[in-house]
Amino acid sequence: MTIAANLAARLEGVVGSSRVLASEAELLGYAIEDCLPAAAVRPSCSEEVCEVVRFAAAEKLGVVCCGSRSKLQMGMQAQRYDVALDLCALAQIAHYDEADLTLSVDAGMRLEALSKVLAAKRQFVPLAVPCLATSTVGGSVVSGIDSMLRLQYGTARDFLVGAEFVDGTGRTCKSGGRVVKNVTGYDIHKLLIGSLGTLAAITRLNFRTFPLPETSAGALTGFSSAEAALAFRRELLGSGLPFSCVELFDGQFSSLLDGELGRLKDLGFAPLKAGGWSLYTAFAGEEAVVRRMKSEVENRSARAAAKSFEMLEEQRNEWLGDALRESFDWLRHAARGVVIVRISQKQFATQGPKLFLSNPSSSGWRSALLMSGSGTVMLALLPEEENESGREEMLCSVREILAQGNTGENTAKLLHAPAWVKAHCNVWGDLRGDFLLMQRVKAAFDPARVFSPGRFVGGI
Amino acid sequence: MDPALIHELKALLGPANVLSTREDLMLYEFDGSVEKGRPDVVVFPHTTEDVARIVKLANRFAVPIVGRGAGTGLSGGALARGGGVMLVFARMNRILELDLENCRAVVQPGVVNLEITRAVEHAGLYFAPDPSSQKSCTIGGNVAENSGGPHTLASGLTTNHVTALELVLPDAEIVRVGNRHGDSTGYDLCGLLVGSEGTLALVTEITVKLTRKAELVKTLLAVFDAVGDASRTVAEITARGITPAACEMLDGWTLAVIENYLRAGFPRDSAAVLLLEVEGLREAAESQAAAIDEICRANHAREVRTARDAQDRDLLWKGRKNALGAMGRLAPSNYVLDGVIPRSKLPEALERIHEIGTSAGFRIGNIFHAGDGNLHPIILFDPRDKEQFARAIATAEQIIRMCVSLGGSLTGEHGVGMEKNELMTLLFSDADFDLMRRIHDAFNPDSSLNPGKIFPVSKGCGEIRVGRHSKTAETRA
Ligand SMILES: Cc1cc2nc3c(=O)[nH]c(=O)nc-3n(C[C@H](O)[C@H](O)[C@H](O)COP(=O)(O)OP(=O)(O)OC[C@H]3O[C@@H](n4cnc5c(N)ncnc54)[C@H](O)[C@@H]3O)c2cc1C
């Protein structure tokens, strides 16, 4: 018996054969880059998760937790990848107090399924993440991927009120609670957000829910220069108006977005077709609020001498908003070998666009930029074709962007990149003075380094 | 305490920054809670380097250290439970940088909460967390306790408004966590530190978010003749998905007391009032105010009035924020509890508090953040009467147990400290404590910093140790 088959057999002994996948065909879906685990396990309850983790800790195995696997390629290759711990079978709503606007949900539940239940009560959880149709609640939180609604609702940090998880010793732990305000004990659940599964296997998350807005709309304003678009962005963000999104993007991004929308049907968004820089704004709330926001944006666009303008009513707004939310996903599939850098900077800083403009598309690749209202920037480099010389040039640019994106208080990381790029870059950006503390936190959660060893910052 | 330590501290900081006489120390024996614990020496650092040097010295002499802001904490967090060196941050009170465009301020921990707003209001900005103690409490204390306030309901606790910290660890190392954007790479250590009650590190610099003032603020006062009607109103506002900026409840008995002293314009003959605030775009604030008005009336509010102008509004808030002080005139001492319940359980919780108070022989006042289910029952008692004091403590525990039994939690904003550390077992298992302890030890392995807080110290609760530095934990009063 091979080592892999042996491991699968032993895992079957732990959780039963129906919960273990071991054929190559099945395991292909769990590959990280080109590395397959020896087995995948789909526990049916948190006790089984504990069993698997205890077994892994005792056997010194590497375990990578996963949900729908839409963001499994984020981060570095695992130093040991023996077991994929698939949490999708934990998919119930454990508790929903709609009158308190609080929710406790299993980590493996899909966001889409959850949204349906909440929408029936006119509520939602503001995790507008890419791959929304398949993403699980747990994966969305742990991957730290940006939500389109961050400007208005913040990150998971602002509405996650508690969690249950299995630590690296195989014990179920919890932190926080199920109430909207709570300072009892350390806010351990905050550490799990964006931890890429390196601390614990999350089994349940508690959220504050929000009322669904009565109505919503958006607008698309086109500009002929980056400067004009940036100035308009600055005006809107400084206005104090309650936008739910303010997304700025360049001409290349526009045409990719247009193509993406065209795949659905020809929707003909004029500012996208015109090329150049565009600004998408969205707003939601009572009718009167939306009416006011529309006129604010329209008037301000006119004053800003915008090249083109389109008001987006509910359905068209939804199409465009959805396509923008999914941009991480379609950008990474827009060509072979796409690299996406995420830069995080102060809201009004312009370093992201500057970096973009100083690394223009070359013969070997095109670049596209999306800058969110909160200050995060997604910069995608799309190779024209894969050839060795183009590779070198692109790698140089990626390194340059990472280096410059990591200066001062700004941070830059590789959100998506082929293995050969990751191998030559600092995926998570530079280590800072707090790295030692992070190592100690990791050791506190996961002393045997069971969870995703080597995948996160500094090879944690 | 080794006199050599005091001598060295004086040499380091100058004698004006070191207190060690019995009379001076007695001032630091209390905070806003009913607990006590006296330090052996009190020092006033001026810089981060001062703090690091003090910590090094304390370590050399193997004595515990505890940070303190203004000492307004309500859970004994700033008390020197194990004796030792108390670092009071009052003199590290400079605003270091204002970045108004990006809505950030960088401040030292001793800056008083309200001072941040004062420094930025000219630009239409403010610091959102607004504990009722905001005229005196410090941002360092707010960070340690993850403090809230009436406006937490819409804007969140301190943690939602802090993006970076500079720390001095218990081994005297200086480390920065988080960044200005609030989006640093790696684990969210800043999120862990906020609310860690001064048990993981001393905080020497804080980057906070500033919030833009809303276009329109409307303040409403709804008067009820039955407490149940008021609490049902809150539950209904919540269930209808309306999030006011603030939703405070004051019971009639408390109101009459406040009104006698403060003349804030509250009725003297009601059963309860709700002080509600909505804000945002004009259109949003107006429609929310109208919806709230309608819900109040449907729940038999006898009167709903809107503050006419800023002065009227300020007066109502002054009444609310000074309410606790006014209660102080009724009895030698008051015990402000802090528990949380799901908001859907508010009517039931208030009834239970009333019953518990009645059977214990206390009249319990309630001034609290109803909108987020954060109860503050107030027990008036005379601490000199040992029996009454013990009864007050027992009653408090009963109320907190009730909150937990309704699906709530031990504390919504005042912290665990040494007030509720023994009650932590109501919520957390051995495995939970083990992990919390390992995280504690990752920062503070010898428990030299603020020992005897958060974790249960009584026998039989997991593997609890108060580190090598500390004396045995003092028992209550
Ligand atoms: C009348 C009154 C009303 C109140 N209203 C509210 C309210 O509405 N909401 C609310 O949340 N709280 C309220 N409180 C409680 C209290 O004001 C808050 O907890 C406040 O944040 C404490 O600040 P402080 O500066 O007084 O801190 P202290 O009481 O001095 O210390 C509190 C904790 O912070 C730690 N600490 C202080 N500075 C530092 C530092 N630099 N580094 C590390 N640790 C540090 C201490 O060790 C201690 O654990 C009220 C208190 C009173 C007396």
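Keep in mind that what you see is a predicted model, and the values were worked out from it rather than measured. Each chain gets a letter, A, B and so on, in the order its sequence line appears, and its residues count up from 1.
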Sub-6.0 Å ring centroid separation between A:F456 and B:Y187: yes
Most contacts with chain B, counted as non-hydrogen pairs under 4.5 angstrom, among A:T376, A:N182, A:V289, A:D187: A:N182
Derivation of the salt bridge (Lys or Arg N to Asp or Glu O under 4.0 Å) call for A:K346 and B:D183: CA-CA 10 Å; A:K346 293 192 284 190; B:D183 215 17; over 6 Å; no
Which atoms of A:T198 approach chain B - backbone, side chain, both or neither, heavy atom under 4.5 Å: both
Backbone N/O of A:F451 and side chain of A:D446: donor-acceptor pair under 3.5 Å: yes
Region of B:R438 in contact with chain A, defined by heavy-atom distances below 4.5 Å: both
Rounded distance [0.5 Å steps], CZ in B:R176 versus SG in B:C190: 10.5 Å
Best-contacting candidate, B:I454, B:L435, B:L157, B:T238, against chain A by heavy atom pairs under 4.5 angstrom: B:L435
Among A:F435, A:W428, A:F159, residue most engaged with chain B (heavy-atom pairs, under 4.5 Å): A:W428
Top contributor to chain A interface from B:G339, B:S344, B:A164, B:S196 [non-hydrogen pairs under 4.5 Å]: B:S344
Presence of salt bridge, A:R157 and B:D188, under 4.0 angstrom: yes
Centroid-centroid distance, A:Y153 to A:F124, less than 6.0 Å: yes
Engaged part of A:L192 at the chain B interface, taking heavy atoms whose separation is under 4.5 Å: neither
Minimal non-hydrogen separation, B:S75 against B:H414, with atom names: OG-O, 2.8 Å
Atom group of A:V457 that falls short of 4.5 Å from chain B, counting heavy atoms: side chain
Derivation and outcome, side-chain hydrogen bond (donor to acceptor under 3.5 Å, both in side chains), residues A:Q123 and A:Y96: CA-CA 11 Å; A:Q123 294 182 8; A:Y96 177 28; 2.8 Å; yes
When B:I341, B:L281, B:V340, B:D338 are compared by non-hydrogen pairs under 4.5 Å with chain A, the top option: B:L281
A:L236 to A:S239 - nearest heavy-atom pair and separation: O-OG, 2.5 Å
Proximity breakdown for B:L200 and chain A, heavy-atom pairs closer than 4.5 Å: side chain
Backbone N/O of B:H376 and side chain of B:H369: donor-acceptor pair under 3.5 Å: no
Region of B:M436 in contact with chain A, defined by heavy-atom distances below 4.5 Å: both
Contact origin within B:D99 toward chain A - heavy atom pairs under 4.5 Å: side chain
Donor-acceptor under 3.5 Å (B:N102 side chain, A:F348 main chain): yes
Contact leader toward chain A among B:T243, B:V416, B:T159, where contacts are heavy-atom pairs under 4.5 Å: B:T159
Contact summary for B:C103 and B:L125, nearest pair of heavy atoms: SG-CD2, 4.0 Å
Options A:K190, A:Q347, A:R440, A:R292, ranked by heavy-atom pairs under 4.5 Å with chain B, top entry: A:R292
Toward chain A, the part of B:E145 with a non-hydrogen atom under 4.5 Å: backbone
Part of A:L191 lying under 4.5 Å from any heavy atom of chain B: both
Leading residue by heavy atom contact count with chain B [cutoff under 4.5 Å; candidates A:Q345, A:E98, A:R432]: A:Q345
Toward chain A, the part of B:V175 with a non-hydrogen atom under 4.5 Å: side chain
Region of B:N146 that comes under 4.5 Å of a non-hydrogen atom in chain A: both
Distance-only side-chain donor-acceptor flag, A:N206 / A:S104, under 3.5 Å: yes
Salt-bridge present (B:E236, B:R240; N to O < 4.0 Å): yes
Region of A:I460 that comes under 4.5 Å of a non-hydrogen atom in chain B: side chain
Partner chain B: residue of A:E287, A:R208, A:K413 with the largest heavy-atom pair count (under 4.5 Å): A:R208
Proximal component of A:R122, with respect to chain B [non-hydrogen, under 4.5 Å]: neither
Which of B:G156, B:G408, B:G280, B:A284 touches chain A most, by non-hydrogen pairs under 4.5 Å: B:A284
Cationic N near anionic O, under 4.0 Å, A:D167 to A:R171: no
Top of B:G415, B:G186, B:G195 for chain A proximity - count of heavy-atom pairs under 4.5 angstrom: B:G186
Residue part contacting chain A, namely of B:E215, when any heavy atom lies under 4.5 Å: side chain
NZ (A:K121) with more than 12 external heavy atoms under 6.0 Å: no
Contact origin within B:T163 toward chain A - heavy atom pairs under 4.5 Å: neither
Selection from A:P211, A:G429, A:G176, A:G285 maximising heavy-atom pairs under 4.5 Å formed with chain B: A:P211
